[in-house]
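To start, the structure under review is shown below, and the notes come after it.
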Amino acid sequence: MTKEDNLYSPNTINRIKKMYGFNLSKGLGQNFLIDKNIVDEIIYGSKIDDETLVIEIGPGIGVLTKEAAEIANKVIAIELDSKLIPILKDNLSAYNNVEIINNDVLKTDINKIIADEKIKNDKIGNVRVIGNLPYYITTPIVMMLLEEEIDVDSITVMMQREVAERMSAKPGTKKCGAITYAVNYYSEVINVCKASKHVFYPSPKVDSTVIRMDIKKDNRINLQDEELFFQCIKAGFGQRRKTLLNSLSNLEKFSKEDIRKGLNKLKIDENRRAETLSLEEFASISEYLGTKGFSSIERI
Ligand code: SAM
């Protein structure tokens, strides 16, 4: 393949399938992009420049990889399906700034990859994750990147529209869920573009959306006890139809009276539902329960 050949067409995919005896795997979420406009939206929406180290998740046959390699300093693409590795190597042979890793992204030490690359290459000024994510593990991948505090500036990913809407919802609104608070705690979410199911081959059942998560570095809410903060959110949304008092009473370490006392003190109505709370209100509850309110009380 030369730099001029484009990979975003069903004909190319079918030719590659024949040539390499490759069969698309539904189980691995192999719906490949066939629309140049969406490829461009992802590439430009991700803010890649000539100082960027791109970490791509699930390159497939390399449609995004190729466009990213045109702009970025370096692209490291992580692909689980070993049958795609020779295809990727051939399709990207014209680029000397692309490295392919054959591994499960969830089992890959991405921070080590980034640190090693930064040592070798002093031209790297920013690190950005991109990907048209395999739908069956979208949430685990996003949560892994955020919770393990992978050292990146942004994550620009295509995902099922409903999941994107949850992640990009504003905390305190009807569309939000527990994941909204997690994503908003670690990042600022920007909607990049919508994509209909027809921009994929084969076409999936659902439409998609691309979002960019700009990682909050020094501007995160200050928490004493991150674990308790997430436990409060999980309890709140565990039974989202219940009142805050009742849902939070499921927190193991605290009695209903503890919760009532805390909510009263914080002037948060105990009859509200979790989905009406802002990120800051959840933070104040966990801070109160964990440090201020009960720090001196012995618990069994
Ligand atoms: N980027 C390509 C495109 O847009 O045409 C392919 C996207 S396809 C939706 C998802 C890709 O992720 C597939 O190539 C699939 O093999 C790969 N994949 C699935 N599970 C993976 C995992 N756990 N780790 C890394 N890659 C994975």
Side-chain angles (χ1 to χ4, degrees), residues 1 5-17 20 22-46 48 54-70 72 75-92 95 98-110 113 128-145 148 150 155-161 163-164 192-193 195-211:
M1 282 263 169
D5 291 321
N6 76 56
L7 297 168
Y8 39 83
S9 96
N11 284 347
T12 310
I13 296 170
N14 282 326
R15 192 171 46 75
I16 286 173
K17 279 171 65 185
Y20 293 85
F22 171 73
N23 284 315
L24 289 158
S25 158
K26 215 174 173 186
L28 289 179
Q30 290 177 347
N31 302 97
F32 295 161
L33 273 171
I34 50 166
D35 187 317
K36 166 85 168 111
N37 293 326
I38 300 295
V39 173
D40 287 347
E41 292 264 18
I42 298 176
I43 297 298
Y44 293 107
S46 68
I48 297 170
V54 172
I55 305 291
E56 188 191 358
I57 298 171
I61 60 166
V63 66
L64 285 169
T65 328
K66 184 173 180 294
E67 303 303 321
E70 289 282 348
V75 182
I76 300 181
I78 305 164
E79 173 56 59
L80 174 61
D81 189 348
S82 56
K83 294 193 199 79
L84 283 168
I85 303 304
I87 301 173
L88 279 164
K89 288 198 167 144
D90 288 349
N91 286 350
L92 299 160
Y95 297 89
V98 175
E99 187 179 323
I100 294 148
I101 295 176
N102 183 200
N103 203 9
D104 180 342
V105 68
L106 294 173
K107 295 183 185 149
T108 305
D109 188 347
I110 301 179
I113 293 172
R128 302 188 183 277
V129 171
I130 64 166
N132 168 17
L133 294 181
Y135 291 168
Y136 73 108
I137 42 166
T138 297
T139 303
I141 292 174
V142 170
M143 289 318 296
M144 177 271 288
L145 295 169
E148 291 183 15
I150 303 296
I155 302 166
T156 305
V157 277
M158 165 97 84
M159 60 183 74
Q160 192 177 325
R161 185 154 310 157
V163 181
V192 173
C193 69
S196 93
K197 46 179 160 292
H198 306 295
V199 304
F200 302 96
Y201 181 81
S203 191
K205 288 202 176 75
V206 291
D207 291 328
S208 294
T209 294
V210 180
I211 59 171

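Each ligand, and each atom within it, is numbered from 1 in the order the structure gives. Because the structure is a prediction, the values reported are computed rather than measured.
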Kindly tell me which protein residues have any non-hydrogen atom under 4.0 angstrom away from an atom of ligand 1, grouped by chain and ordered by number?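 Within 4.0 Å of ligand 1, protein side: Leu28, Gly29, Gln30, Asn31, Phe32, Leu33, Glu56, Gly58, Pro59, Gly60, Val63, Ile78, Glu79, Leu80, Asp81, Leu84, Asn103, Asp104, Val105, Asn132, Leu133, Pro134, Tyr136, Ile137.
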So among Asp81, Ile61, Leu92, Leu7, which one has a side chain to side chain contact (heavy atoms under 4.5 Å, CB included) with Ile87?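 That would be Ile61; it is the only one of Asp81, Ile61, Leu92, Leu7 passing the side chain to side chain contact (heavy atoms under 4.5 Å, CB included) with Ile87.
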So does Pro202 get a backbone contact from the side chain of Asn31, meaning a donor-acceptor N/O pair under 3.5 Å?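 A pair under 3.5 Å: yes.
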Would you find a donor on one side and an acceptor on the other, under 3.5 Å apart, between the side chain of Gln30 and the backbone of Ser25?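 The answer is yes, because a donor-acceptor pair under 3.5 Å joins these two groups.
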What side-chain donor-acceptor pairs closer than 3.5 Å can you find for residues 133-145, not counting sequence neighbours?
residue	atom	partner	partner atom	Å
Tyr135	OH	Ser208	OG	2.3
Thr138	OG1	Pro134	O	3.4
Thr138	OG1	Tyr135	O	3.4

If you compare all heavy atoms of Ile38 against all heavy atoms of Cys193, which two are closest, and at what distance to 0.1 Å?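 Heavy atoms of Ile38 and Cys193 come nearest at CD1-SG, 4.4 Å.
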Taking all non-hydrogen atoms of both residues into account, name the closest pair between Ile34 and His198 and its distance.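 Heavy-atom minimum between the residues: CD1-O, 3.8 Å.
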